[in-house]
Amino acid sequence: MVVLSKPAPLDDHYTSIKTCKPRISVFKRIPSINLRDPKAKTLIIQACQEFGFFKLLNHGVPMETIARLEAEALSFFNLPRSVKDKAGPPNPFGYGTKGIGPNGDVGWIEYLLINTDQNPEISRSAVKDYVMEVKAVAYEVVELIAEGLGIEQRDVWSKMLREEESDWCLRLNHYPISQDLQALSGRKMIGFGEHTDPQIISLLKSNNTSGLQVCLKDGTWVSVPPDHTSFFVTVGDALQVMTNGRLKSVRHRVMTNSLKPRISMIYFGGPPLSETIRPLPSLMAKGEESLYNEFTWREYKASAYKSRLGDYRLGLFEKASTTGH
C-alpha cells in the first residue's frame, strides 16, 4: 500500500494546468510500468500522483488485434471524403473532421467515434475484439489503482466500467501529414488541442509517429516518444474527483507531423450516466473534507460538452471554500 498524504489545495493544481509553458522538451523519464511486475500497483500510484500518465508494458493485448483495427481505421480514413462524410457528422458518434466538439475547437485531424460494434464503417469483429481486450486491461489497471490506494473494495471502479450501462467510447484519430500548411505557418500545427479527459481512465494506442505531448506539474510541455507496442494510460477528471485530488488528470495535446501521418486509438472508460461522482468515503482521512461538490456523470458530461477543450472543467464543481475563486 502506498502511504498518501492529503491532496494539495486545488489552487495549486488549477495554477499548474492553466499556465503550461510554450517550451517543449522530450519526456525522458516517462514512467514505464510492466503490468506483470509485482510492484505494479505501487508504481502506478506514483506515476498517477506525479504525472497522471504512464506507459503500460506487457499489457497482454495481442498485437494482431491491434494491427487489425489500425489497418481498418487507416483503410477508412483513406476513403474519398465524400464517402467518409456519409458516416458523419458525429452526433455524438460518427465521422468528423477539423471541428472538435460544438464550441469552435478545431484541429488538423479527422476521427471516428464509436461506442458499439454495430457500426458500418469499421469491421464489426475488429472493433469487438479490440474493445474486449482493452477493456480487460482497463479493469485490471483501475483495480491495481484501488489496491495501491489501500481501498478494500478492489473493484470499486472496475465495476463501474464493467456495467452494461457504462459510458465508454472508442475514438479513432487520423492526423494527416501537414507539410504544406506547416511550411506556410512556419510552425507545427495543433492536431488536437490541450485538454484533460473527463472519464475515469483512458488507454491510448498509436502508431510510431510522434505528436503526443503532456503538461508537467511545473507547466512545461513535454513530447512523449511514440511506442507502438505499448499503451499510454491517462487519469481522467472523474478519477481525480473520486480520489479527492490524490490522482490528477493530466493536460495533454497532439501536434501534427510533417513527415508521417499519425493514427491513434483511444478507449475512454466512463461510468454509467446515473453514477454519482464524489470522493470515496473509504479513501478520506479523518477530518478530510471533499474538495468537490458531488455530481452525476451525466451532469459532468453535459457540462464538458458545453465547454471549450482548454477550459478547466472541474472548476465548476469545486467547493468554493477550498478554491478561493
Side-chain angles (χ1 to χ4, degrees), residues 55-56 59-101 106-135 137-138 168-182 188-193 197 202-213 223-234 252-268:
K55 181 164 73 171
L56 187 65
H59 45 75
V61 179
M63 288 305 297
E64 55 267 27
T65 301
I66 294 169
R68 184 183 177 203
L69 183 58
E70 187 175 295
E72 287 278 343
L74 196 55
S75 293
F76 171 77
F77 290 125
N78 284 336
L79 291 172
R81 175 67 184 275
S82 59
V83 177
K84 291 184 288 189
D85 281 343
K86 293 177 181 178
N91 186 32
F93 303 103
Y95 172 74
T97 181
K98 302 292 197 302
I100 303 170
V106 295
W108 189 246
I109 184 177
E110 58 178 343
Y111 56 90
L112 189 62
L113 293 171
I114 301 170
N115 82 327
T116 173
D117 58 12
Q118 306 294 319
N119 70 91
E121 293 79 33
I122 302 289
S123 163
R124 181 181 303 178
S125 61
V127 171
K128 183 178 180 179
D129 291 348
Y130 181 83
V131 169
M132 180 181 67
E133 294 282 355
V134 174
K135 279 185 174 182
V137 176
W168 67 272
C169 175
L170 178 66
R171 184 182 185 103
L172 307 179
N173 290 332
H174 177 226
Y175 302 93
I177 295 172
S178 59
Q179 191 170 19
D180 293 341
L181 289 174
Q182 286 184 196
K188 283 194 173 184
M189 297 181 62
I190 294 288
F192 203 110
D197 294 338
S202 307
L203 273 70
L204 178 147
K205 178 73 188 62
S206 76
N207 63 358
N208 252 349
T209 301
S210 62
L212 178 63
Q213 298 178 353
S223 180
V224 178
D227 183 349
H228 75 285
T229 65
S230 303
F231 281 92
F232 292 97
V233 180
T234 302
H252 54 288
R253 66 186 182 187
V254 175
M255 306 300 288
T256 58
N257 191 295
S258 62
L259 300 176
K260 296 188 297 181
R262 175 180 168 88
I263 289 281
S264 63
M265 310 184 297
I266 310 99
Y267 162 78
F268 298 98

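Counting from 1, the numbers follow the sequence of the chain as shown. Note: hydrogens, waters and symmetry copies are ignored here, and every other heavy atom, side chains too, is used. This structure is a prediction, so every number in the text was calculated from the model and none was measured.
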Report yes if the side chains of [X] and [Y] come closer than 4.5 Å at any heavy-atom pair, otherwise no.
{"X": "Pro261", "Y": "Pro176", "result": "no"}
{"X": "Met255", "Y": "Ile190", "result": "yes"}
{"X": "Ser230", "Y": "Leu56", "result": "no"}
{"X": "Leu170", "Y": "Val134", "result": "no"}
{"X": "His252", "Y": "Phe232", "result": "no"}

Check ring-ring contact (aromatic ring centres under 6.0 Å, His included) between [X] and all other residues, then give those that pass, not counting sequence neighbours.
{"X": "Phe231", "answer": "His59"}
{"X": "Phe93", "answer": "none"}
{"X": "Phe268", "answer": "none"}
{"X": "Tyr267", "answer": "none"}

Pairs satisfying salt bridge (charged side-chain N to carboxylate O under 4.0 Å, His left out), at least one member in residues 74-91, at least two apart: Arg81-Asp85, Lys84-Glu110
Do you know the tightest heavy-atom contact between [X] and [Y]?
{"X": "Ile100", "Y": "Tyr111", "result": "CA-OH, 4.3 Å"}
{"X": "Asp197", "Y": "Ser202", "result": "OD2-OG, 2.9 Å"}
{"X": "Trp108", "Y": "Ile177", "result": "NE1-O, 3.5 Å"}

When rounded to the nearest 0.5 angstrom, what is the spacing between [atom1] in [X] and [atom2] in [Y]?
{"X": "Phe77", "Y": "Glu121", "atom1": "CZ", "atom2": "CD", "value": "10.0 Å"}
{"X": "Arg124", "Y": "Thr116", "atom1": "CZ", "atom2": "OG1", "value": "8.0 Å"}
{"X": "Tyr130", "Y": "Lys135", "atom1": "OH", "atom2": "NZ", "value": "13.0 Å"}

Option passing side-chain contact (heavy atoms from CB on, under 4.5 Å) with Leu172 (candidates Ile114, Leu113, Leu74):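 The option that passes is Ile114.
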Sequence neighbours excluded, every pair satisfying side chain to side chain donor-acceptor pair (under 3.5 Å) that has a member inside residues 68-78: Arg68-Ser123, Arg68-Ser125
If only atom types and distance count, is the side chain of [X] paired as donor or acceptor with the main-chain N or O of [Y] below 3.5 Å?
{"X": "Asn173", "Y": "Ser264", "result": "no"}
{"X": "Thr65", "Y": "Asp129", "result": "no"}
{"X": "Lys205", "Y": "His228", "result": "yes"}

List the residues meeting side-chain hydrogen bond (donor to acceptor under 3.5 Å, both in side chains) with [X], not counting sequence neighbours, and say none if there are none.
{"X": "Thr234", "answer": "none"}
{"X": "Lys55", "answer": "Asp227"}
{"X": "Thr97", "answer": "none"}

Within the 6.0 Å centroid threshold, strictly below: Tyr95 and Phe76: yes
Counterpart residues, side chain to side chain contact (heavy atoms under 4.5 Å, CB included), relative to [X] (two or more places apart):
{"X": "Pro89", "answer": "none"}
{"X": "Val83", "answer": "Leu79, Pro80"}
{"X": "Thr209", "answer": "Asn207, Asn257, Lys260, Arg262"}

